[in-house]
Student: 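First the structure, then my questions, so here it is.
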Number of protein chains: 2
Amino acid sequence: MVTMRDVAERAGVSIATVSFLLNDTKPVTPATRARIEQAMADLGYRRNVVARALASRRTRIIAMAYPALEHRFGMSTAEFFTAAAERAREQEYHLVLWPVGNDGVELRELLGQGLVDGVVLMEVQLADPRVEVLRETGTPFALIGRTTELDGLAHVDIDFDATIEAAVAHLHELGHRSLALISGDLADPRFHEYGPWVRSEAAYRRVMAEYGLRTVVEPCSDTPRAGREAAERLLQEHPDTTAILVANEYGALGVVSALKRLGRDIPADLSVLSLLMVPEVAALSDPELTFLRTPGSELGQLGIEALIRQLEGAAPLPPQLVPATLQPGDTVGPPPS
Amino acid sequence: MVTMRDVAERAGVSIATVSFLLNDTKPVTPATRARIEQAMADLGYRRNVVARALASRRTRIIAMAYPALEHRFGMSTAEFFTAAAERAREQEYHLVLWPVGNDGVELRELLGQGLVDGVVLMEVQLADPRVEVLRETGTPFALIGRTTELDGLAHVDIDFDATIEAAVAHLHELGHRSLALISGDLADPRFHEYGPWVRSEAAYRRVMAEYGLRTVVEPCSDTPRAGREAAERLLQEHPDTTAILVANEYGALGVVSALKRLGRDIPADLSVLSLLMVPEVAALSDPELTFLRTPGSELGQLGIEALIRQLEGAAPLPPQLVPATLQPGDTVGPPPS
DNA sequence: CTGAAAGCGCTTACAG
DNA sequence: CTGAAAGCGCTTACAG
């Protein structure tokens with residue numbers, strides 16, 4: 001292994017100078033810079049990140065805490081994670097995945113090891129025990145999602161209000177007046193604090209009230225089968241529905257197939273608009289779903305950015321609420337006349 | 001931060017003794033063991049992994065190299081990755097995700113940093129430039145997948161031969177004689193060396209020849225839309241087909257919807273058997289797909305296991321070929337009489 | 001602008 | 001069975 005000492009010797013300088021150059025932490029004359037760079041090139045020097053971490057007390061490793069037991073690691077998550085990993089790498093950070101429970105116990109254990117400089121929290125609950133653990137241990141962190149009590153926490157999240165507003169406005173413009181929401185299963189103890197479902201449902205109720213329209217919400221867990229059942233229940237109880245909003249990525253696929261089974265033409269008889277979905281999943285449906293695209297890459301990157309700014313003592317990234325954007329598909333049209 | 005020195009002082013021993021106890025690397029009398037353990041508990045000591053890494057020249061960090069640009073990070077990948085991360089954590093390793101290209105350039109760059117003890121390679125190509133990089137740098141590694149030249153490389157993979165044999169046998173028993181394969185798109189330069197598609201197609205040809213049956217292969221890229229088109233082409237060219245094997249996870253969903261569009265009853269008119277799929281994707285189809293389950297968790301864990309054994313100097317894990325197992329669904333039945 | 005030296009928190013021969 | 005000490009490869013006051 002080529003060390004900094006080897007480079008310093010060959011360049012005829014001290015290791016301190018090599019370090020100053022590498023970190024751009026003190027000025028170095030062009031002449032010595034050239035000698036050091038030549039020596040590094042000759043020897044193929046690569047700085048050892050572990051030694052650097054120990055000496056600088058900064059590992060440049062970030063953990064993404066993902067509650068894999070409670071949440072399926074699906075396509076959306078994959079988008080968050082790979083975008084985050086790439087953004088981290090651009091800034092010379094590494095990203096580790098910590099599949100830890102929501103209660104914070106394992107998280108505390110791992111933090112004690114001193115491996116990471118900070119943590120990005122995914123699948124944030126309204127009251128999230130992990131936040132307390134991170135605070136107690138003094139670990140810098142950023143949320144992808146939001147707790148209820150935010151007081152100054154760095155976070156990025158979907159702008160549920162704007163997203164739902166856009167969705168309802170779009171359907172309303174087309175002429176729809178009877179809009180139902182198939183939401184998440186808030187009765188499930190794992191999810192009753194789950195932000196995306198709580199917030200999208202609240203936003204739906206608020207926006208519908210503003211439009212003076214009736215409110216119908218059908219709970220549904222996150223599987224196509226549950227989606228089918230929810231759609232069947234919905235049409236039984238509210239046969240006059242002309243457009244269905246689905247805040248449930250995998251449930252949405254079941255909604256479409258249930259309607260087809262029931263002989264409904266999509267979108268001639270009934271429109272389906274999927275909220276919060278990635279294109280890969282929308283394409284799995286036939287007809288392909290019209291949907292609001294979860295800004296997964298953006299949020300993954302912003303989450304990393306928010307954390308890295310803290311780590312580097314830069315100006316904090318203001319909270320970012322990113323709306324999902326409408327993507328055309330084949331499941332939304334005007335209501336039947 | 002509580003250090004080993006603090007523990008040693010409180011227990012009245014040297015830091016070496018604390019280290020010996022912690023690593024179980026030298027015997028310690030019960031009395032001093034008790035004192036040290038008490039001190040650790042009192043102080044809430046947690047060993048610093050970075051210092052340990054530098055001193056021991058072992059970071060206990062493993063990278064999973066994933067060519068995110070070339071391959072979608074989908075549900076199957078997520079299963080591999082989370083299972084690997086969990087298995088690593090059980091053995092006190094951490095898993096980082098390296099989204100690096102297939103050419104090995106970025107991989108070499110990252111290896112130089114000395115962060116990881118070893119690498120698990122995903123989405124292995126028949127001739128994989130990354131293998132050469134790992135060899136040159138002397139990095140321990142394990143493959144999830146297989147190159148053509150394996151000479152002794154640690155690897156775990158799907159047993160494509162056994163999987164395809166089981167699939168064909170199952171359909172043959174039901175009475176099918178006209179089986180077609182919708183495979184991957186080997187014409188695409190990104191995938192013409194992609195093991196799963198090459199191997200499943202080869203196995204199909206071999207097995208069909210053994211049964212004395214005609215061979216039909218329709219290439220298809222990994223999207224539902226491509227699957228729809230492939231199914232349409234197939235029925236055009238070979239209308240007598242009674243069962244379709246699909247070696248293409250997302251393509252399979254398109255195959256089902258194309259058949260429905262064409263008015264074919266599944267499975268009364270035509271059976272669809274998806275090879276290499278995870279249950280979450282199978283459930284997205286309506287009717288739910290009959291499929292051979294990709295052993296993602298098993299392979300993720302075995303890949304980590306194979307690597308860790310090398311890292312710890314244990315007996316090497318013999319190559320593991322794990323067959324996909326048949327999962328009942330609603331898309332396979334006897335051929336029309 | 002550059003260098004000598006202490007120190008990050010551990011592991012590991014070596015000695016007893 | 002235990003300890004003193006060197007060393008892992010860097011960073012960072014401090015001094016000049």
Side-chain angles (χ1 to χ4, degrees), chain A residues 1-37 39-40 43-61 92 94 111-117 311-313, chain B residues 1-37 39-40 43-61 92 94 111-117 311-313:
Chain A
M1 169 181 253
V2 182
T3 72
M4 199 174 260
R5 177 149 270 110
D6 301 323
V7 172
E9 264 174 30
R10 180 175 250 261
V13 298
S14 75
I15 59 166
T17 305
V18 177
S19 179
F20 297 150
L21 174 64
L22 232 33
N23 295 311
D24 195 24
T25 159
K26 296 216 178 160
V28 172
T29 56
T32 68
R33 162 187 294 272
R35 289 215 312 286
I36 294 173
E37 281 174 349
M40 293 201 293
L43 298 170
Y45 172 72
R46 303 253 41 223
R47 172 164 49 176
N48 182 295
V49 295
V50 176
R52 164 144 98 139
L54 184 59
S56 67
R57 254 143 299 185
R58 302 262 328 273
T59 63
R60 302 187 76 87
I61 301 176
E92 291 183 71
H94 291 270
L111 287 174
Q113 299 183 171
L115 180 72
V116 304
D117 291 341
L311 297 178
E312 320 233 301
Chain B
M1 170 182 253
V2 182
T3 71
M4 200 174 257
R5 175 149 273 110
D6 301 323
V7 173
E9 262 174 32
R10 180 175 250 262
V13 297
S14 74
I15 59 166
T17 306
V18 177
S19 178
F20 297 151
L21 174 65
L22 232 34
N23 295 310
D24 196 24
T25 159
K26 295 217 177 158
V28 172
T29 55
T32 68
R33 161 186 296 271
R35 288 214 314 285
I36 294 173
E37 282 174 347
M40 294 201 293
L43 298 171
Y45 172 71
R46 304 251 42 223
R47 171 165 49 175
N48 182 296
V49 296
V50 177
R52 164 143 97 138
L54 183 60
S56 67
R57 254 142 300 187
R58 303 263 326 274
T59 63
R60 303 187 76 87
I61 301 176
E92 292 183 70
H94 291 270
L111 287 173
Q113 301 183 172
L115 179 72
V116 305
D117 291 341
L311 297 178
E312 318 233 303

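First the proteins, then the strands, lettered A, B, ... as listed; each starts at 1. Both backbone and side-chain heavy atoms feed into the values below; hydrogens, waters and symmetry mates do not. If you're wondering where the values come from, they're calculated on a predicted model, not measured in any experiment.
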Student: What is the distance, to the nearest angstrom, from the CZ atom on B:Arg47 to the C1' atom on C:dC10?
Tutor: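 In whole Å, C:dC10 C1' and B:Arg47 CZ are 9 Å from each other.
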Student: Of the candidate nucleotides C:dG9, C:dT11, D:dC10, which contains the atom at the shortest distance from the side chain of A:Ile15?
Tutor: D:dC10
Student: For B:Thr32, answer base if it contacts any base atom (sugar-phosphate contacts may also be present), sugar-phosphate if it contacts only those atoms, and nothing otherwise; contact means non-hydrogen atoms under 4.0 Å.
Tutor: sugar-phosphate
Student: Taking only the side-chain heavy atoms of A:Thr29 (C-beta and beyond), determine which of C:dT2, C:dG9, D:dT2 contains the nearest atom.
Tutor: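 Closest nucleotide among those given: C:dT2.
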Student: Using modelled atom types and a 3.5 Å cut-off, is there a donor and acceptor pairing between side-chain atoms of B:Thr59 and backbone atoms of B:Ala53?
Tutor: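 No.
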Student: For B:Ser19, report the nucleic acid contact type (base, sugar-phosphate, nothing); a contact means any heavy atom under 4.0 Å.
Tutor: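 Counting heavy atoms under 4.0 Å across all strands, the contact made by B:Ser19 includes a base.
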Student: Please give me the minimum heavy-atom distance between A:Leu43 and A:Val2, naming the atom from each residue.
Tutor: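 Minimum heavy-atom contact is O-CG2, 3.4 Å.
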Student: Any side-chain N or O of A:Ser56 below 4.0 angstrom from OP1/OP2 of C:dC8?
Tutor: no
Student: Under a 3.5 Å cut-off for both contacts, is C:dA4 paired Watson-Crick or G-U wobble with anything, and if yes, with which nucleotide?
Tutor: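 WC or wobble partner does not exist here.
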Student: Tell me, do A:Asn48 and A:Thr3 make a side-chain contact under 4.5 Å, heavy atoms counted?
Tutor: no
Student: With distance as the sole test, does A:Ser19 use its side chain to make a donor-acceptor pair with the main-chain N or O of A:Ile15 at under 3.5 Å?
Tutor: no
Student: Select one nucleotide: of C:dC10, D:dG9, D:dC1, the one nearest the side-chain heavy atoms of B:Pro27.
Tutor: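 Minimum distance to the B:Pro27 side chain belongs to D:dC1.
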Student: Run the side-chain contact (heavy atoms from CB on, under 4.5 Å) test on A:Leu22 and A:Tyr45 for me, step by step, so that the C-alpha distance in whole Å, both residues' side-chain angles and the decisive distance to 0.1 Å come before the verdict.
Tutor: CA-CA 11 Å; A:Leu22 232 33; A:Tyr45 172 72; 3.7 Å; yes
Student: Rounding to an integer number of Å, can you tell me how far B:Leu21 CG sits from D:dG3 P?
Tutor: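 Answer to the nearest Å: 12 Å.
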Student: With a 3.5 angstrom cut-off on both distances, give the Watson-Crick or G-U wobble partner of C:dA13, or none if there isn't one.
Tutor: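 In the structure as shown, C:dA13 has no Watson-Crick or wobble partner.
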Student: Which nucleotide in the set D:dC10, C:dG9, C:dG3 lies at the smallest distance from any side-chain heavy atom of B:Leu54?
Tutor: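 The listed nucleotide nearest to B:Leu54's side chain is C:dG9.
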Student: B:Ser14 side chain: which of C:dG9, D:dG3, C:dG3 is closest?
Tutor: D:dG3
Student: Can you tell which of D:dT11, C:dT11, C:dT2 lies closest to the side chain of A:Val28?
Tutor: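 The answer is C:dT2.
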Student: Identify whether any heavy atom of B:Arg5 sits under 4.0 Å from a base atom; if not, whether one sits that close to sugar-phosphate; answer base, sugar-phosphate or nothing.
Tutor: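 Here B:Arg5 touches no strand at all.
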Student: Take the protein atom CE of B:Met4 and the nucleotide atom P of D:dC8, then report the distance between them rounded to whole Å.
Tutor: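 B:Met4 atom CE is separated from D:dC8 atom P by 18 Å.
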Student: Report the residue (B:Lys26 or B:Val50) whose heavy-atom-nearest nucleotide on DNA chain C is the more 5′ of the two.
Tutor: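 Looking at the nearest nucleotide for each, B:Val50 comes out on the 5' side.
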